[in-house]
Structure formats: structure tokens, C-alpha cells
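Here the structure is laid out as C-alpha cells; the discussion comes afterwards.
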Protein chains: 2
Amino acid sequence: MRDVAVIGVGMTKWGELWEKSLRDIFVESALEAVKDAGVDKIEAMYVGCMTSGLFVGQEHLGSLLADYLGMGPIPGVRVESACASGGIAFRSAMFDVASGAHDVVLAGGVEKMTDIGGDGATFALSTAADAEYEVYNGVTFPGLYAMMAVAHMDAYGTTREQLAAVSVKNHANGSKNPHAQYPFELTVDRVLNSVMIADPLTILDCSPITDGAAAVVICPLDKVKEYSKNQPVKVLATAHATDSIALHSRKDLTWLGAVAKAGEQAYAQAGLEPKDIDLVEVHDCFTIAEVCTIEALGFFEKGKGGASAESGESAIGGRIPVNASGGLKSKGHPVGATGIAQIVEVTKQLRGDADQRQVEGAKIGMTQNMGGTGGSCVVHILGSE
Amino acid sequence: MRDVAVIGVGMTKWGELWEKSLRDIFVESALEAVKDAGVDKIEAMYVGCMTSGLFVGQEHLGSLLADYLGMGPIPGVRVESACASGGIAFRSAMFDVASGAHDVVLAGGVEKMTDIGGDGATFALSTAADAEYEVYNGVTFPGLYAMMAVAHMDAYGTTREQLAAVSVKNHANGSKNPHAQYPFELTVDRVLNSVMIADPLTILDCSPITDGAAAVVICPLDKVKEYSKNQPVKVLATAHATDSIALHSRKDLTWLGAVAKAGEQAYAQAGLEPKDIDLVEVHDCFTIAEVCTIEALGFFEKGKGGASAESGESAIGGRIPVNASGGLKSKGHPVGATGIAQIVEVTKQLRGDADQRQVEGAKIGMTQNMGGTGGSCVVHILGSE
């Protein structure tokens, strides 16, 4: 496979963006990525978006956004894998470049979630679960992750305070990220005493509903100098795996099989081990999700992830900094954009451009983006050249 | 780019499939394609689907269908470009194989459109148009294509009877296709006297609402013998282009710029001209769409496509057989599956397996699949080895 590098990144402020439409926020981020890369053309683009049909009544985003970006008639493709759509967009763009079809390709992600209101958003998000066997019976994502949390607490003694510490750590990081939706600090007490959503998860264990977009520009590694003056960030591995999307089909509710599988494949491709990774952005849609993913990726032993934030091991400056960006919890979670924003963060970290949240000496970073309760997972490893 | 070949195809009977769900119909077609190819594994899969979120409240199809196909934990990706989603799924699978990531990849398409009812389906389909500037003002697809028809009649003297003849020709072909939703013949009078939908288009100018799926298996051309005993069909070209998705943004309502662009690129890649193509499957979502696409692809001069069916030139046995399968009009149009079904038909034709509708001596076939009113278009050229 032809080696690929990231040469530009773009991301705007995330939040409740009432004055802007989906096309506006995508184009802002995409133009920033194009400007950052310094390229004068884009040959193809991939857009990760989970469900713009349900959120804003608009499909056919590949064409719409290529047109609004002023890049038509280039190929524009929308890809979807629920909340892993952004990671899949990056991987699809990689395959395009690696196949030799194009050189300079944009991978973006977008979701405009607030316009539809809370009940509509809950339904739209539920389409990442099994409609016929889970949603039909009344369960939505906070309930599914609550079951995973209870199972983890029961099996491994993980405590309510340990889960809250994940949220506190991610908000501490996010308070240093100017793009974050909720850039403020929390305390364990505040998390524990916030509104209960699905026992044991309170609202401050849950990532928010967010409007946002992010974009990156990639090209073949051996042609970077032809297209950009930026320091390239090399893609060392791309891996994607699936699992049952229905939680009840799994033997162990606390084990994310698709994450473990994608992680193994990524480590093998890059010839690396967990100890070689300097920072990781993981999919903390709920606090328990961060605990389960860092176990499945091998950063913590099975059952030992609960203590990661409380002990300081996953903080910036700790053994393995997890979600230096603030993660989904503080930065926000516009579902289709999240996977791309993870690539943006790791690229900035490897370039040394992460300001107050910089992981010192970071040379190798990982991203882990997943759909549903882990029915799909995409893992990338990036390295500074 | 590594050369790719189609080694297996699968497609079940299309129609109003009340007793089967989306996952059922996809798996039926996919298993048929796997069996036809004779492979004992699938390494990755791509699913074209326009808007299962709106039609059946289910996204995350890549994982869901990989699981139900019994192929998990392989990567499963859903791609979308409105009614061109199937063509994009095939192209995405090609890039995957061409990049060297995998060898044996399944490309499928599916749409379950009838469960939601007529008004719901009309809204779901409208999301292929520009939600903020077209749909908001009340126009849906029959209205948009009616404007294109009126413009073509005005500019080139195309007649109502000529449009009806497209429907009559496609139903004549579809009557020989056991998979077709409406395998019966029509007359020009019956088309003209059927219910008016959007002047000048009657209901028999419009493709139907359909439940259906289709799938193909591909692998590297130089490894065909390793995986399959079938006669391979080589992919000679893949091209994708976009245009504004809003019809009012175009200078000429009768000219499909994305189709022309994708066609040019495909001919250039294959080193072929329109006269070299033995048959073509085009996107006749409305009769006027077939007329415009065969002009944009260079089979007829601009403005001369209207007479194609009436003159017999586009019939099986004519100068350039168009929609030997029955096209979207007679075969049905489960939007995400249509682009894959076109590949299925051309593969069967090039293998000599098209029974009563066989185009004699067919060696090179083209597929043209588009989204919306031509906001996106994918063209493939296939050749018998």
C-alpha cells in the first residue's frame, strides 16, 4: 500500500451553532484544512456523517459539500458507520490515495445535531443500535452504556468515583482546547451529583449533543514536498473491525471485541506495542466507554481501566495520555466529525502545535473511533516523520 | 492501480417485500454472490444505501450486515451518494482492493422503501435534493424531472410519445427479467393515459418504490484463479463526478454535467469510445433521465436522445442496447441497490448468462448510476476477459 501523510488540518469551534447550517460548518473546517495544507487543489473528498437525513433532512452530502466547497465536479463521497463515520472517512480517503486514484484528497466529518431537538436527537442516535431488537424494546445509548458500566463495576470492582474521574480528567484537558464545546473544569462531586440519566451514569458521564465539523488533507508520503510546505504526519496503520451491533449478542458486556481486533491489527501493521504510543484519542462517548477502550487497546489490563484517570496514569504527563483534546466529553461529539477531529488532534500533537495541552515529546499517536456500543471500530496510528 | 475483476453476482426478486426486512434481503443477495463466486471468505464489504435511517430507522449497516452475513469481525462500510450509492459502493470496494488492503471484497446495495408508506418515501427521497433551497420550497423529484422534460421538449422538440417509448422499451426488456418488480409489457397509449404525476410525466414515466438488494464479489484480476472458477469480468474504468445538487444552479436544465464528466473520464481510462460499448445500463429513474444520460454519455448527439427508443436504436438488437435489464422503470429502483444491480446485469451479459434478454456478442458493457437530478454520477466500464 502506498504510504500516506496528513498535510493539513482544520476544525472550528464546536457547540450549539444555531446561526450556521451543516454546509456552513463543513465548509469552514474544510477550507481551514486546505489553507493549512497550502494546496491549490483537492482531487476527491470523503465526508463522514452519521445521519444527516434524520438530523436535517439532507442526504447526498458528497455532492452538496463538494459544490459548496467550490471543488465540484470532483468526486465527493459520504461514508457512514454511526459514530465511527469520521474514522471511516479518513480510511476511505487513504484507500483512494493508496490505490493511486488521486493524490490530494480531503477527509472531513460533520454533524448538525441540535436543530432537531432532544427527542429527535435521541431517536437519530438510536439508529446506531439494532433497530429491530434493541430500540424496538425501548433502550437507547445511555441505557446500553449503563448496562456495560454496571457489568464492569460488578466484574472488576470499578467504582462510581473512578468513572467520574474520567470526566474530570477530560474536562481538565478540554479547558485548554479553544475548539471545545464545554471548556470548563469539573469535580468528581459535581459529576456524581448531576442529573441521573441511566443509573449509574449521570449527565456529566455522557458526551453532549454537538454541532461541528473537522477536516484533514492527505497525500502520498513520497509527494509531500510537491504539494505542501508543512511537516507531514505519516499514517503508520489503519485498521477497522466490526462486532455485533446488538449488545445482547456479546458474551462479555465489558469487552469491546471490535476495538481489540482493530487495535491488534493496527499494532501489527505499524510494528508497535501499546508502550510505544505517546498519546491516544479514544471514543469516550460515555465515561465507561473510555475505560473499556483503553483496556481493549492494551494500555491497561482487562478490568484495570477503571482506575486509569483516578490514578493520573491517563492524564497529560501520565504514563499514557488519553484524550488530551478533552475527548468527546468536553470537546463535544458531533458524531460524524469525531473521528476526523481525533486525527486533527493527534496531528497537532505530533507537530508540537497543541499549546497548553501539548504532550511533551509526542512522536507516535493513536486514534480510536467507534460506532454504537462498539459494533464498529476504526484505529489509526500516526507518526511524526 | 491494481486491476480488479468481478467474480460473483447475486440478486433476488425485487418488489414489495412485506415479509422480509432490510437485513434479510441484503443477506439473500450477498450469500448468492458469495456462492456464485465460489469463495470461502470475504475480507471486507461495502454497502450502498441511501437512507435506511429515514426508511427503516436503522443506520450502522456496515456492522449490522457483516454480522448478519456471518462475516464479522470483517470491516463493513456503508457509503451513500443518494441513488448513486450502489455505484459508489462498487467503486469503494475497487479502491480497497486496488490499494492492496484486501483481496476478496463484497460490494452490495440495499434499500427497504415500502415499509414507510408513500408520503414517507417521497420525503426520504427528497433528501437527495437540496433540502434548504429545493425541498423547502415544495419541489420533489417528479417535479424536478418534469422541469427537465419540459426544457428538453422545448429546446429539442422531444415529444411526449418519445418519452413514453422509453418506458415501453424498458418494460419489454424487463418482461424477460425474472428479478424485475414489474415484468410486464406496456404500450405508448397506456403510458400516456396513466395517472399524471408532474406534467408531462405520468406514473408510467416514473420508476417505482422498491424493496431490493444486489451484491457482487470482486478480487484482483491477477488472482482470479486463486479464488474462483468463474469466468472473470474485468473492470476497465471507474469514474465519479459531481454537479450542483440544486437543479436551479445549472445553466442548462437538459445537460447532465456530472454524467458527461464521468463518462469522459471512463472512456479515457479504458481507451474506448461510445461506439465500442456493446450495451449500457443507465439510470432511468424517469423516462427523461434516460434520454438525458444517453446524450451526456455520447451515445446520441445532444438533443437527439428523445427519438432513441421510438426508433428502436436503444432496443436489444439496436445500435446501442440501453437497459436490457428493464432498467429502473421495470426492474424497480431500491435506490441504494440500483448501482450494484447494474453491475450484476452487465456481468451476466458479458458472461452470456442473460437468457431471453441477452445482447448477442456483448464484450464491453457500461453502467451509469446517478444521484438526485444528476448531482453525482458514477460510470463503470466492464469487459469480458
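Owing to the predicted nature of the structure, the values given are computational and were not obtained by experimental measurement. A, B, ... follow the sequence lines: proteins, then strands. Residue 1 opens every chain.
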query = Hey, are the side chains of B:Glu80 and A:Glu80 touching, using non-hydrogen atoms and a 4.5 Å cut-off?
reply = no

request  = Just give me the residue among A:Ala66, A:Ser21, A:Gly257 that pairs up with chain B most often, heavy atom to heavy atom, under 4.5 Å.
outcome  = A:Ser21

A:Glu132 and B:Gln58: CA distance, side-chain angles, deciding distance, side-chain contact (heavy atoms from CB on, under 4.5 Å) verdict = CA-CA 8 Å; A:Glu132 295 176 15; B:Gln58 179 72 68; 5.6 Å; no

note = Max heavy-atom pairs within cutoff under 4.5 Å with chain B, candidates A:Ile74, A:Thr238, A:Val47, goes to A:Ile74

message = For B:Tyr133, which atoms come within 4.5 Å of any heavy atom of chain A: side chain, backbone, both, or neither?
response = side chain

key: chain B contacts, top residue of A:Ser244, A:Ser249, A:Cys377 (heavy-atom pairs, under 4.5 Å)   = A:Ser244

query = When heavy-atom pairs shorter than 4.5 Å are enumerated against chain B, which of A:Gly62, A:Gly371, A:Gly100, A:Gly72 gives the highest number?
reply = A:Gly371

query = Checking heavy atoms, do the side chain of A:Ala128, its backbone, both or neither come under 4.5 Å from chain B?
reply = both

ask   = From B:Ser81 OG over to A:Leu61 CG, what is the distance, rounded to the nearest 0.5 angstrom?
value = 9.5 Å

query = For A:Ser63 and B:Thr242, which heavy atoms make the closest approach, and how far apart are they?
reply = OG-CG2, 3.5 Å

key: B:Phe95 CZ to A:Met94 CE distance, which is reported to the nearest 0.5 Å   = 14.5 Å

A:Asp119, CG: over 12 other non-hydrogen atoms inside 6.0 angstrom = no

More than 12 heavy atoms of other groups within 6.0 Å of B:Lys20 NZ = no

query = When heavy-atom pairs shorter than 4.5 Å are enumerated against chain A, which of B:Arg2, B:Lys261, B:Arg23 gives the highest number?
reply = B:Arg23

remark   = To the nearest 0.5 Å, atom CG of B:Leu54 lies from atom CG of A:Leu54 at 4.5 Å

request  = Examine whether an atom of A:Ile88 lies under 4.5 Å from a heavy atom of chain B, and if so say whether it belongs to the side chain, the backbone or both; otherwise answer neither.
outcome  = side chain

ask   = Which bit of A:Val56 comes within less than 4.5 Å of chain B, counting heavy atoms only: side chain, backbone, both or neither?
value = backbone

message = Looking at every non-hydrogen atom in both residues, tell me the closest pair between A:Arg91 and B:Pro75 and how far apart they are.
response = NH2-CG, 4.0 Å

key: chain B contact via A:Ala129 - side chain, backbone, both or neither, heavy atoms under 4.5 Å   = backbone

request  = Could you tell me whether the side chain of B:Thr127 and the main chain of A:Gly53 form a donor-acceptor pair under 3.5 Å?
outcome  = no

Straight-line distance of B:Ser85 OG to A:Arg78 CZ, nearest 0.5 Å = 8.5 Å

key: Distance, nearest 0.5 Å, that separates OH of B:Tyr68 from CG of A:Asp130   = 5.0 Å

message = As an exercise, state the distance from CG of A:Asp96 to NE2 of B:His240, rounded to the nearest 0.5 Å.
response = 10.5 Å

query = Are B:Ser376 and A:His60 close enough that a side-chain donor and a side-chain acceptor fall under 3.5 Å?
reply = yes

